[in-house]
Amino acid sequence: MNQLTFKAVSIAKTFNRRKVFTEISFSLANNQSIAVAGRNGSGKSTLLKILAGVLSPSKGEIEMNIGNKTIKPADYFVHLGLVSPYLQLYDEFTGWENLDIFRKVRGINTPDEYLNELLKRVNLWERRNDFVRTYSSGMKQRLKYAFALIHKPPILLLDEPTSNLDTEGISTVYQIMEEQKKNGILIVATNDAEDIKQCDQVIDLNLQIRKENNK
Ligand SMILES: Nc1ncnc2c1ncn2[C@@H]1O[C@H](COP(=O)(O)OP(=O)(O)OP(=O)(O)O)[C@@H](O)[C@H]1O
Ligand SMILES: [Mg+2]
């Protein structure tokens, strides 16, 4: 496995003149995980968007290295998967078509069998040919996991990972988190105590402190 490092160096974000956070730093390597916690509006989703490269920080920078190679922000999407309430699915297509479109847009040749495997894994196989607009909110959340995992990303970012999920869905998500920790880096934005327990460090955006997670 290539050595992977993902760093946030003194990240600050201000919207207009409102400071969201001022000084976020951490460094993660293969098999490491961090939970991002904090009150509503403390900036968890904002930080994940910055880490995913879909939003620019006001100050500071993100660094991604694989082996000796420094990855450019424009290429971050190739190496990371994101599950987020802000992610839009294509409502007028079926679950299977959504994955197929995503695979084509990304220009990756994931075999059909892997898409089928993902749909089975998130328990949407029976509903794969139904339009996404007919899905329940938990089913949409499950489909987002299939999306995020299509390209087997070394970095997985999860914002509100267990929202809308039933017990079985939550257990699938915790298995996905376990596997991610074996293979790469996991970053989870959440206020759910059980979700936080899955990670080995926790950063609190209100206090802006990072500590080992004493489980
Ligand atoms: N596009 C934007 N323009 C202006 N302000 C924004 C924008 N996006 C977020 N904010 C503000 O940034 C702050 C952090 O929002 P964010 O959504 O990151 O919080 P959060 O910790 O994810 O909250 P929650 O727990 O409710 O999901 C809030 O004050 C929010 O109003
Ligand atoms: Mg949020």
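Values below: every heavy atom of this structure, side chains too, minus hydrogens, waters and symmetry copies. Both ligands and their constituent atoms are indexed starting at 1 by order of listing. The chain is numbered in sequence order, starting from 1.
Tyr135 places a side-chain N or O within 3.5 Å of a backbone atom of Arg127 that can act as its donor or acceptor partner. Side-chain N or O atoms of Asn98 include one that pairs as donor or acceptor with a backbone N or O of Thr94 at under 3.5 Å. At distances below 3.5 Å, at least one donor-acceptor pair connects side-chain atoms of Lys44 with backbone N or O atoms of Gly38. Without hydrogens or angle criteria, Gln180 side chain to Pro154 main chain gives a donor-acceptor distance under 3.5 Å. Side chain of Ser25 to backbone of Ser10: a donor-acceptor contact under 3.5 angstrom is found. Judged by distance alone, the side chain of Tyr145 and the main-chain N or O of Pro161 form a donor-acceptor pair under 3.5 Å.
Both Leu149 and Met177 sit in one connected hydrophobic cluster of ILVMFWY residues. Membership requires side-chain heavy atoms under 4.5 Å apart, directly or through other members.
At least one heavy atom of Ser42 sits less than 4.0 Å from an atom of ligand 1. Heavy atoms of Lys49 come nearer than 4.0 angstrom to ligand 1 in no pair at all. Every heavy atom of Lys13 sits 4.0 Å or more from the atoms of ligand 1.
Contact atoms of ligand 1 toward Arg39: 21 (O) (distance under 4.0 Å to a heavy atom of the residue). Proximity to Gly43 (heavy-atom distance under 4.0 Å) selects the following atoms of ligand 1: 14 (C), 16 (P), 18 (O), 19 (O), 20 (P), 21 (O).
Of all protein N/O/S atoms, those lying under 2.8 Å from the Mg ion (ligand 2) come to 1.
Close N/O approach between Gly38 and ligand 1 is not found [any backbone or side-chain N/O within under 3.5 Å]. At least one N or O atom of Ser45, backbone or side chain, sits closer than 3.5 Å to an N or O atom of ligand 1. Remark: ligand 1 and Lys44 share an N or O pair separated by less than 3.5 Å (distance only, no angle test). Looking at Phe15 next to ligand 1, no N or O pair under 3.5 Å apart turns up.
For atom 21 (O) of ligand 1, a protein heavy-atom neighbour is found at a distance under 4.0 Å. The presence of a protein heavy atom under 4.0 Å from atom 30 (C) of ligand 1 is ruled out.
Using a cutoff of 4.0 Å between basic side-chain nitrogens and carboxylate oxygens, Arg142 and Glu126 are not scored as salt-bridged. Remark: Lys181 engages Glu178 in a salt bridge, criterion side-chain N to carboxylate O under 4.0 Å.
Looking at Glu160 against ligand 1, only its side chain comes within 4.0 Å, counting heavy atoms. Heavy atoms from both the backbone and the side chain of Thr46 come within less than 4.0 Å of ligand 1.
For atom 13 (C) of ligand 1, the closest non-hydrogen atom on the protein side is Gly41 O, 3.5 Å. Ranking the protein heavy atoms by distance from atom 26 (O) of ligand 1 puts Asn40 ND2, 3.3 Å first.
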Could you go through the side chain to side chain contact (heavy atoms under 4.5 Å, CB included) check for Leu157 and Val83 one step at a time? CA-CA 6 Å; Leu157 304 170; Val83 170; over 6 Å; no
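In this structure, Lys49 satisfies the cation-pi test against Tyr86, with its NZ or CZ atom closer than 6.0 Å to the six-membered ring centre and inside 45 degrees of the ring normal.
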May I have the list of side-chain donor-acceptor pairs in residues 63-71 shorter than 3.5 Å, sequence neighbours left out?
unit_1, atom_1, unit_2, atom_2, d
Asn65, OD1, Thr70, OG1, 2.8

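Residue Val36 forms a side-chain contact (heavy atoms from CB on, under 4.5 Å) with just one option from Val188, Ile24, Leu48, Asp204, and that option is Leu48.
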